[in-house]
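Taking it in order: structure first as structure tokens, then the write-up.
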Amino acid sequence: MKNVLYALIIIMIVLVIIFLRKALQPANQSLEHKQVTPPSHPVILLMIDSLMNEPLQKAVKEGRAPAFKFLMEHGHYYPNVISSYPTMSVTIDSTLLTGTYSDKHQVPGLVWFDETQKRLVNYGSARAEVFKLGIKNVMEYILYCLNHSHLSNDVETIHEALDKIGLQSASINALVYRGNEKMILRPPKALSKLNLMPKFQVQTPFLFSYGALAQYHPKNNQNNQPWKAFGFNDKFTAEELKYFIQNRKLPSFTIAYFPDLDKNVHKEGPIHPINGIEKVDKELQEILNVYGSWDKALKDAVWIVMGDSGQAEVGKDKNRSLVELRSILDSYKIHDVKEPVKEDDQIVLGLNERMAFIYNLDQNITIEEIVKHLKQDERIQIIAWKNGTNVNAVAGGKNGVFTFRPDGEYTDEYDQSWFLNGEYSILDLSINEKLVGYGVYPDVLARLHSSLHSHSGNYIIVDAKPGFEFVSEGTPTHPGGAAHGSIHKQDSLVPMIVTGTSTKPEHMRIVDLKPWILHLLRQGTDKQNNIVEKRFD
Ligand SMILES: [Zn+2]
């Protein structure tokens with residue numbers, strides 16, 4: 001009897017797998033019908049989630065990353081490029097694509113509270129949190145709202161800017177991708193039956209690969225299963241890119257996103273993710289191999305290989321390393337993520353791993369009163385909020401307040417000018433004459449200011465010291481591993497390898513990459529850009 005039962009269960013599982021495989025077969029897009037104008041010198045940007053300088057150097061030294069080594073030896077290596085803030089992929093990608101911080105592109109973080117809709121927005125943090133918030137809501141946020149209602153229409157993405165000057169571009173597995181081509185994203189059959197995902201009309205670049213929802217390479221059917229994150233994996237990305245190159249359909253600019261290393265760093269910590277780097281290196285090797293020789297790959301394209309954020313370790317001892325904002329603020333009524341925001345909710349939490357937004361919904365409570373509670377906790381390195389046109393910042397367990405705003409008598413190395421007042425050690429600044437220098441928080445003034453102006457609402461930003469992360473119901477936790485989100489240099493600095501050009505961005509910040517990439521692509525197509533040439537050469 002038992003055996004029959006087992007057999008039946010196995011048959012059922014096999015049937016479900018067959019059904020899912022069939023139902024999830026994506027409508028392959030055909031590359032044949034895409035008329036690609038072959039560019040003279042395409043730019044290929046490989047974004048490797050959570051790639052960091054130290055482990056990369058270590059992997060190269062140990063001979064475990066030959067493709068990275070080759071590109072580094074034949075190009076320029078910049079170990080410390082500054083990311084945007086919070087150091088979460090959607091915000092960073094928006095900065096990369098638009099050349100602006102979040103005050104302009106308006107994608108505040110992975111999780112934030114939309115005051116106008118009274119809804120907590122989550123583009124997909126951890127499974128538990130997503131389930132609590134409702135899969136359908138998260139689908140709508142990630143598949144539609146992110147690119148088409150949250151990402152500001154007042155900023156232009158690289159894809160839109162290139163289209164304007166008649167150059168084509170591609171996006172493979174990037175979450176932020178807005179372009180000028182219209183396309184319908186249809187749910188795979190299984191999901192349409194479950195009524196979890198409606199059809200969305202989206203605006204994409206000329207070539208658009210997006211996991212199981214949009215792919216070109218037929219071989220990728222084996223890489224887009226539900227248990228392979230529906231195609232949001234390195235293998236899928238590499239196959240799509242190789243397919244473009246093999247079929248001579250590579251457009252002027254391609255951005256290809258490699259998500260797998262991030263998980264490895266979250267689990268293993270920031271020092272030892274060598275296995276993860278070794279794995280992504282194998283994909284790079286295969287991509288370079290498509291050209292016949294790696295030298296030819298170098299000759300045929302400009303390669304930019306970079307990370308999006310770093311990560312800082314999270315201590316092993318859960319009781320200490322996980323900062324429970326709910327218990328610090330337990331005298332207030334805090335919104336329950338399983339429910340819509342209620343009339344009597346006083347506080348909403350928007351957690352982005354090592355950074356969090358704390359929203360004050362109760363007009364009878366002052367921000368300063370909430371800050372008093374937060375200040376008791378010395379695991380919080382920065383607590384910041386808006387005060388009129390100023391930004392105020394204090395630190396957990398420390399005395400003093402620091403106040404700043406743009407436009408003043410102090411300038412920094414990025415030609416930004418600032419009014420500063422108070423205890424500047426809170427943001428680890430050094431001041432020499434009228435020059436501001438940054439310490440452990442790179443470009444902190446512009447990045448913190450942008451995040452406090454990224455969306456409407458009465459909110460506080462908290463940022464955790466390395467070793468700690470913020471947690472609440474269902475949020476991801478990484479004790480003994482690593483996390484990001486914070487403004488600290490451990491989360492904020494990423495390496496970048498560039499081959500095929502000796503020009504570089506005006507400053508080593510992700511926010512400065514867009515004008516430089518556009519310049520690289522205009523070379524040869526627009527001879528009248530002397531002014532731009534001078535700026536970059
Ligand atoms: Zn991550």
Side-chain angles (χ1 to χ4, degrees), residues 46-56 81-96 102 107-112 121-130 138 141-142 146 173-176 211 228-230 232-234 236-237 256-277 279-280 306-315 321-323 350-357 447 451 463-464 466-472 474-495 510:
L46 309 181
M47 178 62 102
I48 295 158
D49 201 326
S50 293
L51 181 68
M52 287 181 288
N53 171 44
E54 259 176 65
L56 174 59
V81 179
I82 301 168
S83 189
S84 66
Y85 182 67
T87 37
M88 301 301 279
S89 293
V90 286
T91 302
I92 304 164
D93 294 355
S94 301
T95 291
L96 170 71
S102 61
V107 176
L110 185 68
V111 181
W112 58 282
V121 175
N122 183 326
Y123 302 115
S125 56
R127 221 163 288 161
E129 201 179 17
V130 168
V138 174
Y141 290 136
I142 187 74
L146 171 60
N173 272 353
L175 295 178
V176 185
K228 290 181 180 169
F230 290 99
F232 288 94
N233 58 65
D234 289 0
F236 182 99
T237 301
Y257 197 87
F258 293 78
D260 293 356
L261 180 62
D262 177 66
K263 294 178 201 89
N264 189 255
V265 183
H266 276 300
K267 209 168 146 227
E268 310 262 323
I271 315 292
H272 305 289
I274 312 291
N275 288 342
I277 294 177
K279 257 180 79 190
V280 71
M306 63 185 296
D308 61 348
S309 77
Q311 294 204 25
E313 65 168 332
V314 177
S321 62
L322 306 184
V323 183
L351 269 62
N352 290 275
E353 300 186 11
R354 301 192 348 90
M355 177 272 198
F357 295 113
R447 294 164 77 213
S451 191
D463 194 286
F468 306 101
E469 72 179 327
F470 297 110
V471 296
S472 186
T475 57
T477 59
H478 314 91
H484 47 98
S486 122
I487 205 154
H488 193 277
K489 65 179 183 181
Q490 286 187 26
D491 304 36
S492 298
L493 298 179
V494 300
I510 289 184

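In each ligand, atom 1 is the first atom listed, and ligand 1 is the first ligand listed.
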Exercise for the section: To the nearest 0.5 angstrom, please state how far the CE atom of M88 sits from the CD atom of E353. Expected result: 4.0 Å

Handout entry: Of S83, S492, S309, the residue whose pairing with H484 passes side chain to side chain contact (heavy atoms under 4.5 Å, CB included)
Key = S309

Exercise for the section: Only protein N/O/S atoms count here: give how many lie under 2.8 Å from the Zn ion (ligand 1). Expected result: 4

Exercise for the section: Would you mind reporting whether L493 and I82 have side-chain heavy atoms less than 4.5 Å apart? Expected result: yes

Exercise for the section: List for me each residue that meets salt bridge (charged side-chain N to carboxylate O under 4.0 Å, His left out) alongside D262, sequence neighbours excluded, and say none if there are none. Expected result: none

Handout entry: Minimum heavy-atom distance Y85-D463, with the two atoms named
Key = OH-OD2, 2.7 Å

Exercise for the section: Go through D234 and K279 one step at a time and tell me if the salt bridge (Lys or Arg N to Asp or Glu O under 4.0 Å) criterion holds. Expected result: CA-CA 9 Å; D234 289 0; K279 257 180 79 190; over 6 Å; no

